[in-house]
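Have a look at the structure below, then the notes.
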Amino acid sequence: MRRTANISLVVADNTAAYDDLDNLFSINKKIYLEIGLFNTTNYYNDYPIIWFPQGLFIIDSISLSHDTNSSNISLSLKDKMCLLNGQCGGMLPASVTFHEIEEV
């Protein structure tokens, strides 16, 4: 099952260099995504937010829009399968077994 995600965020600092390759928001960077829900139950009282892991995602595209006070960043994410099927980062040339380790 393939999954995608879209994230939008507002950055208050307009002086940041968004075109730098070492920036956190650049294409083909990996993001571990979790979804948090406020804990409104009587269980797990030590955790005000309960986090559910969604897996590893790759940044596919980025769009920027600037305002006088802030910048808006929109990220389009794909799940890590895009690294294996050639959409992002290459393709496996033949069938590969990932769960076996060969010893010489």
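If you read the sequence from its start, that first residue is 1, and numbering goes on from there.
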Practice problem: List in chain and number order the residues that pass side-chain contact (heavy atoms from CB on, under 4.5 Å) with P53, two or more places apart in sequence or in another chain; answer none if no residue qualifies. | Solution: Y32, E34
Exercise. Please name all residues satisfying side-chain contact (heavy atoms from CB on, under 4.5 Å) with Y43, sequence neighbours left out, ordered by chain then number.
Key: T41
Quiz item: Would you find a donor on one side and an acceptor on the other, under 3.5 Å apart, between the side chain of N39 and the backbone of Y44?
Solution: yes
Quiz item: Do you know which two heavy atoms are closest between K80 and I58, and how far apart they sit?
Solution: CA-CG1, 4.4 Å
Quiz item: Rounded to the nearest 0.5 Å, how far apart are CD1 of I73 and OG of S8?
Solution: 10.0 Å
Quiz item: Rounded to the nearest 0.5 Å, what separation is found between the CG atom of L77 and the CD1 atom of I62?
Solution: 9.5 Å
Exercise. Determine yes or no for a side-chain-to-main-chain donor-acceptor pair under 3.5 angstrom, with D60 supplying the side chain and K78 the backbone.
Key: no
Quiz item: With sequence neighbours excluded, what pairs up with L33 under the side-chain contact (heavy atoms from CB on, under 4.5 Å) test?
Solution: A5, I7, Q54, F57
Quiz item: Linking I/L/V/M/F/W/Y whenever their side-chain heavy atoms sit closer than 4.5 Å, directly or via other members, would L64 and L9 fall into one cluster?
Solution: yes
Quiz item: Looking at OG of S63 and CG of L75, how far apart are the two atoms once the value is rounded to the nearest 0.5 Å?
Solution: 8.0 Å
Self-check item: Side-chain hydrophobic cluster, 4.5 Å single linkage: members besides I49
Solution: F38, W51
